[in-house]
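One structure is given below, encoded as structure tokens.
Chain identifiers are assigned alphabetically (A, B, ...) following the order of the sequence lines, protein sequences preceding nucleic acid strands; residue numbering begins at 1 within each chain.
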Amino acid sequence: MIDLKVLRENPEIMKKSQSARGENPDLVDEVIATDDLRRAALTEFEVLRAEQNTISKSVAASKGDEKSVLLEKAKTLSVAVKNAEAIKNTAEVKAKETLMGLSNFIDPLAPVGGEADFKVIEEVGTPRDFKKEGFEAKDHVELGKILGAIDVERGAKVSGSRFYYLTGMGAMLEFALVNYAIASANKNGFTPVIPPVLVKPAAMEGTGFLGQAAENIFHLKEDDFYLVGTSEVPLAAYHMDETLEANKLPLRYSGYSSCFRREAGTYGKDTRGIIRVHQFDKVEMFSFCKPEDAEAEHLRILQWEKDFLNAMEIPYRVIDVASGDLGASAARKFDCEAWIPTQGTYREVTSTSNCTEFQARRLNIRMKDTKGTKAIATLNGTLVAIPRMIVAILENHQQPDSSVKIPKALQSFLGTDKFLPVKN
RNA sequence: GGUGGCGUGUCCGAGCGGCCGAAGGAGCGCGCCUCGAAAGCGCGUGUUGGGGAAACCUAACCGUGGGUUCAAAUCCCACCGCCACCGCCA
């Protein structure tokens with residue numbers, strides 16, 4: 001949610017921001033207009049209500065004829081107040097609704113354009129040259145089968161396409177990744193959290209996922225629960241309707257949870273393997289901080305993501321995501337894309353967004369210092385999304401005999417430095 | 001799922017139709033006292049929206065949403081949450 005005061009002062013900037021996202025800039029004028037209506041209705045109601053309050057009080061103090069006259073007057077006024085209140089309420093709902101339709105202000109530093117207009121910030125590491133090494137890289141599906149680590153056939157049998165089983169070393173690899181991730185997050189001041197993955201509409205709405213992103217969310221209609229697509233949702237909503245002490249910020253949480261995504265409109269995309277699945281586990285970093293610290297915090301989170309990828313010894317690049325591909329809440333977003341040998345390209349494995357005050361305002365989270373209460377900023381970033389990281393590790397660290405070398409950082413968690421084929 | 005109880009300010013806790021934004025206490029802040037502190041004493045101490053340069057004015061807020069009434073923390077209804085006991089259960 002955008003701050004109306006800021007919006008009123010800078011409608012043109014907001015319009016530009018909307019346009020850059022490929023969204024409707026006229027919505028800005030509409031927001032201001034509905035808010036004008038809201039305020040007018042508010043004033044009207046308040047004036048009548050004040051009068052009613054005064055008369056009500058004098059009713060109590062009077063008696064006899066005087067009292068019945070006042071009572072008559074009070075009754076008529078009561079009707080007028082009810083009407084004015086109804087109009088006020090309608091105007092408030094409409095104004096809020098319109099305002100909620102606006103996406104976050106875009107950071108002016110974010111590249112403008114569509115999905116393809118991202119800017120590459122850096123490339124780290126060098127992809128292996130398998131030809132030169134004298135063998136052809138197998139993809140993760142094949143390796144997963146050989147190692148007894150991933151079973152997509154049975155995933156499909158039991159749950160349908162885009163489901164899978166992690167088995168044996170595949171399952172062990174998840175535990176190792178999670179343990180390593182949580183350990184690093186602890187070191188960086190994150191409180192580990194295992195959140196609920198079923199949430200109420202308010203949490204979804206507040207984090208900004210019920211707009212254009214809604215089609216990718218599983219909804220349990222019977223009970224009006226949503227299955228979260230990321231633990232960002234329950235982590236952000238953790239402090240919903242709270243006022244946090246400014247001197248305790250930043251508050252950092254690392255959430256480990258399953259994530260559920262409908263992947264609507266992705267038919268035919270990434271149909272093979274576990275790059276794009278309906279359910280996966282993820283360790284997510286989430287930070288509540290002062291708005292003036294948000295940009296620096298964003299860079300810190302990005303650095304922690306890079307640290308993780310460096311520890312996995314995987315070549316990757318970092319991109320500055322373009323305005324049209326930010327999602328409603330983010331002002332700026334960096335993706336880390338790992339090199340996937342069998343695809344010959346970089347694929348998103350982690351992502352960090354600076355949501356500035358947008359989510360916090362929707363979730364009614366503020367901070368308090370000696371001068372009063374103020375807006376707070378929220379940021380999120382993936383530490384590790386299990387399936388894609390497994391893909392990256394298997395494919396990048398495979399050997400000619402289909403064994404896979406384990407990055408040093410994970411070896412102590414796995415008790416081995418290599419995954420070996422299980423049969424044939 | 002069933003039965004009973006409860007939900008008030010930072011916290012404890014009173015109020016059960018108008019004089020209640022709400023007693024009292026604790027906490028916190030300022031001052032007095034003191035060499036200094038503790039104790040004691042005095043004063044102050046909510047949030048949000050609207051208007052205003054400001055002083056200030058105004059409205060709303062006693063779990064949430066409706067209703068009754070000229071008037072609701074207070075009465076009625078529904079929902080949510082918490083506690084206790086019972087049933088079921090990983």
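- Atom C1' of B/A59 sits at a distance of 16 Å from the matching atom of B/A71, rounded to the whole Å.
- By the side-chain contact (heavy atoms from CB on, under 4.5 Å) test, A/S231 is found to be paired with A/P195, A/P234, A/L235, A/S257, A/E284, residues two or more places apart in sequence or in another chain being considered.
- The aromatic rings of A/F218 and A/F260 stand perpendicular to each other, their planes meeting at an angle above 60°, with 30° marking the opposite boundary.
- Residues A/H397 and A/F419 place their aromatic rings such that the two centres sit no closer than 6.0 Å.
- Spacing of P atoms, B/C33 relative to B/U48, comes out at 37 Å, to the nearest Å.
- Of the residues A/L414, A/L410, A/I182, the one that meets the side chain to side chain contact (heavy atoms under 4.5 Å, CB included) test with A/L177 is A/L410.
- For the salt bridge (charged side-chain N to carboxylate O under 4.0 Å, His left out) test, no residue two or more places apart in sequence or in another chain qualifies with A/D107.
- For the P atoms, the distance from B/G67 to B/A73 is 15 Å, rounded to whole Å.
- Remark: the separation of the P atoms in B/C76 and B/U68 is 15 Å, to the nearest Å.
- A/N380 pairs with exactly one of A/Q359, A/E232, A/K333 by the side chain to side chain donor-acceptor pair (under 3.5 Å) rule, that one being A/E232.
- Checked against side-chain contact (heavy atoms from CB on, under 4.5 Å), A/T243 has the following partners two or more places apart in sequence or in another chain: A/R366, A/K368, A/T373.
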Sub-3.5 Å pairs of nitrogen or oxygen atoms, protein against nucleotides 46-50 of chain B:
residue, atom, partner, partner atom, Å
B/U48, OP1, A/R366, NH1, 3.3
B/U48, OP1, A/T373, OG1, 2.4
B/G49, O2', A/R38, NH2, 3.2
B/G49, N2, A/E46, OE1, 3.0
B/G49, N2, A/E46, OE2, 2.0

> Is there a side chain to side chain contact (heavy atoms under 4.5 Å, CB included) between A/M285 and A/L379 once you walk through the steps?
Replying inline: CA-CA 8 Å; A/M285 297 177 276; A/L379 301 101; over 6 Å; no
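- Residue pairs meeting the salt bridge (Lys or Arg N to Asp or Glu O under 4.0 Å) criterion with at least one partner in residues 257-281 of chain A, sequence neighbours excluded, are A/D139-A/R272, A/E263-A/R276, A/D270-A/R276, A/D270-A/R347.
- Using C1' as the reference atom, B/C20 and B/C79 are 27 Å apart when rounded to the nearest Å.
- A gap of 25 Å separates the P atoms of B/G21 and B/A26, to the nearest Å.
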>> Evaluate A/I2 against A/F358 for side chain to side chain contact (heavy atoms under 4.5 Å, CB included), listing each step before the verdict.
In response: CA-CA 6 Å; A/I2 298 299; A/F358 186 80; 4.0 Å; yes
> For every nucleotide of nucleotides 73-83 of chain B, 5' to 3': is a protein heavy atom under 4.0 Å from its base (B), only from its sugar-phosphate (S), or from neither (-)?
Replying inline: -----------
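- Look at CG on A/L48: it is 12 Å from P on B/A59, rounded to the nearest Å.
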>> Can you give me the dot-bracket string for RNA chain B, 5' to 3', counting Watson-Crick and G-U wobble pairs with both distances under 3.5 Å, using [ ] for crossing pairs and | for partners on another strand?
In response: ((((((((.[[[..)..(.....]]]((((((.......))))))((((((....)))))).[[[[[..)....]]]]])))))))....
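- Within the structure, side chain to side chain donor-acceptor pair (under 3.5 Å) contacts touching residues 31-41 of chain A (residues at least two apart or in different chains) are A/R8-A/D35, A/R8-A/D36, A/D35-A/R38.
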Contacts under 3.5 Å, N or O only, protein and nucleotides 60-68 of chain B:
residue, atom, partner, partner atom, Å
B/A60, OP1, A/R49, NE, 3.1

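- A distance of about 9 Å separates the P atoms of B/U8 and B/G13, rounded to the whole Å.
- Counted within 6.0 Å of NZ on A/K15, heavy atoms from surrounding residues, nucleotides or ligands total more than 12; the atom is thus considered enclosed.
- Taking 4.0 angstrom as the limit, A/Q52 places a side-chain polar atom (N or O) nearer than this to OP1 or OP2 of B/A71.
- Counting non-hydrogen atoms under 4.0 angstrom, A/E72 reaches nothing in the nucleic acid.
- Open room surrounds CD on A/E295; 12 or fewer heavy atoms of other groups in view lie less than 6.0 Å from it.
- Evaluation of the side chain to side chain donor-acceptor pair (under 3.5 Å) test over residues 156-176 of chain A, restricted to residues two or more places apart or in two chains, returns A/R162-A/T266, A/E174-A/Y256.
- Under the 30°/60° scheme for interplanar angles, the aromatic rings of A/H278 and A/F163 are found to be tilted.
- The stretch residues 83-96 of chain A participates, sequence neighbours left out, in no salt bridge (Lys or Arg N to Asp or Glu O under 4.0 Å) pair at all.
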Could you go over nucleotides 15-20 of chain B and give all protein N or O partners under 3.5 Å, atom names and distances?
residue, atom, partner, partner atom, Å
B/G18, N2, A/S56, O, 2.9

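- For the P atom pair drawn from B/G63 and B/C11, the interatomic distance equals 13 Å after rounding to whole Å.
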